[in-house]
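Below is one structure, written out as structure tokens; the observations come after it.
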Amino acid sequence: MEISDLAIRIIIVLTPGFLTTLLFRYLSTHKEYTNFYFFVLSAVFGLSNYMILEVFYQLVHAVKISLHIFFGVPEGYIHDGRLFVGLWESLVDRTFVVNSEEIFYSSVIAILSSFLYTYVYQRKILLRFANRVLHITNKSGDDDIWSHYLNSDNVEWVWIRDYNQSLTYFGKIEAFSDSGSKRELFLSDVSVYSLSGRKVLYTLNSVYLSLTDGMYSIEQPFY
């Protein structure tokens with residue numbers, strides 16, 4: 001089965017995008033992506049990585065021009081083209097071959113940019129700016145209230161009331177599941193009470209809880 005030139009060029013564009021998307025999905029907390037959303041996000045990330053590479057080449061080119069003007073560096077040292085990333089030309093010229101170095105450099109950028117995108121997303125920097133400065137949205141930035149509540153900086157020690165088991169757990173949140181159908185918690189330094197919370201039944205070093213929707217509540221003690 002032959003792969004068309006267009007398909008090959010799309011794969012080249014998406015390779016750094018796939019890398020960014022995979023790392024971003026692994027490092028951040030969110031719902032599962034649909035295949036279509038994953039493809040679109042990879043395309044956007046892929047093109048942005050090549051654009052960042054283009055900006056880097058342009059900056060290097062500007063430095064070379066400055067060296068030529070002020071220190072007499074030979075003109076042959078300066079690139080004559082307006083665009084330096086070969087991908088742009090390969091999209092319109094099927095005979096043009098993309099430089100393998102560009103794929104490598106854009107993949108390095110993909111790794112670094114995934115850290116930046118994760119930081120911006122997890123810290124909700126854009127949403128905070130839109131909310132507090134522009135006042136154009138009141139979204140929390142999380143997929144649901146489960147994530148929003150447990151991601152709050154001041155939520156650490158909590159009461160978990162499990163109505164299925166008629167038990168109450170008091171402990172420190174160490175980890176929790178992403179948004180989705182499963183509600184899972186990992187608590188440490190746990191005290192287990194009856195549902196009313198009046199009597200300690202036993203204590204645990206840690207506990208894993210898988211909770212049923214509508215059959216639990218999470219409360220934060222007042223300090």
Side-chain angles (χ1 to χ4, degrees), residues 8-64 83-88 90-91 98-134 136-156 172-188:
I8 293 176
R9 280 159 174 73
I10 291 176
I11 292 173
I12 292 173
V13 173
L14 292 181
T15 296
F18 281 140
L19 185 57
T20 301
T21 305
L22 288 172
L23 286 172
F24 176 74
R25 190 169 69 170
Y26 177 75
L27 295 172
S28 60
T29 304
H30 50 71
K31 294 180 179 178
E32 283 296 318
Y33 297 154
T34 63
N35 292 334
F36 176 77
Y37 186 79
F38 182 89
F39 181 84
V40 171
L41 196 61
S42 296
V44 173
F45 281 153
L47 287 174
S48 66
N49 290 331
Y50 281 106
M51 290 177 66
I52 293 172
L53 182 61
E54 178 67 41
V55 171
F56 174 76
Y57 281 160
Q58 293 288 349
L59 291 175
V60 172
H61 181 58
V63 171
K64 290 179 179 179
L83 296 176
F84 296 88
V85 176
L87 174 70
W88 315 130
S90 71
L91 293 176
V98 179
N99 192 333
S100 59
E101 289 185 359
E102 293 180 6
I103 301 176
F104 173 77
Y105 291 144
S106 61
S107 296
V108 173
I109 293 173
I111 296 174
L112 299 177
S113 64
S114 68
F115 297 149
L116 175 62
Y117 297 147
T118 301
Y119 179 83
V120 172
Y121 178 81
Q122 289 294 104
R123 297 292 180 178
K124 306 178 184 64
I125 293 176
L126 291 179
L127 272 171
R128 288 179 179 177
F129 178 77
N131 193 329
R132 300 177 183 178
V133 179
L134 301 180
I136 60 175
T137 182
N138 59 358
K139 288 186 64 176
S140 66
D142 294 295
D143 291 327
D144 54 20
I145 299 301
W146 165 271
S147 297
H148 178 67
Y149 183 77
L150 295 179
N151 274 320
S152 300
D153 295 333
N154 61 339
V155 175
E156 186 176 12
K172 181 181 179 181
I173 297 177
E174 297 292 346
F176 57 92
S177 61
D178 294 341
S179 299
S181 58
K182 288 188 176 181
R183 301 302 190 187
E184 300 169 310
L185 282 170
F186 170 43
L187 304 178
S188 63

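A distance of 11.5 Å separates OG in Ser106 from CD in Glu101, rounded to the nearest 0.5 Å. Rounded to the nearest 0.5 Å, atoms OH (Tyr117) and CG (Leu41) are 9.5 Å apart. Between the CD1 atom in Ile52 and the CG atom in Leu112 there is a gap of 9.0 Å [rounded to 0.5 Å]. Here the CG-CD1 distance, from Leu150 to Ile173, works out to 5.0 Å after rounding to the nearest 0.5 Å. Interatomic distance, Thr20 OG1 to Asn49 CG, rounded to the nearest 0.5 Å: 4.0 Å. Within the model, atoms OG of Ser188 and NZ of Lys172 stand 6.0 Å from one another, a figure rounded to the nearest 0.5 Å.
When ring centroids are compared, Tyr121 and Phe24 come within the 6.0 Å threshold.
The ring-ring contact (aromatic ring centres under 6.0 Å, His included) check on Tyr37 picks up Tyr33, with sequence neighbours excluded. In this structure, the ring-ring contact (aromatic ring centres under 6.0 Å, His included) partners of Phe38, at least two apart in sequence or on a different chain, are Phe18.
Atom CZ of Phe39 has 12 or fewer neighbouring heavy atoms from other residues, nucleotides or ligands inside a 6.0 Å radius.
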**Asked** Where do Phe45 and Leu19 land on the side chain to side chain contact (heavy atoms under 4.5 Å, CB included) test, with the steps shown first?
**Response** CA-CA 9 Å; Phe45 281 153; Leu19 185 57; over 6 Å; no
**Residue pair Thr118, Ser28: steps toward the side chain to side chain donor-acceptor pair (under 3.5 Å) verdict** = CA-CA 6 Å; Thr118 301; Ser28 60; 5.3 Å; no
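Side-chain contact between Ile109 and Tyr50 is absent, with no heavy atoms from C-beta onward closer than 4.5 Å. Leu53 places a side-chain heavy atom less than 4.5 Å from the side chain of Glu102.
Heavy atoms only, all atoms of each residue included: Ile103 and Ser107 are closest at O-OG, 2.7 Å.
Judged by distance alone, with hydrogens and angles left aside, the side-chain atoms of Trp146 form no donor-acceptor pair with the main-chain N or O of Phe176 at under 3.5 Å.
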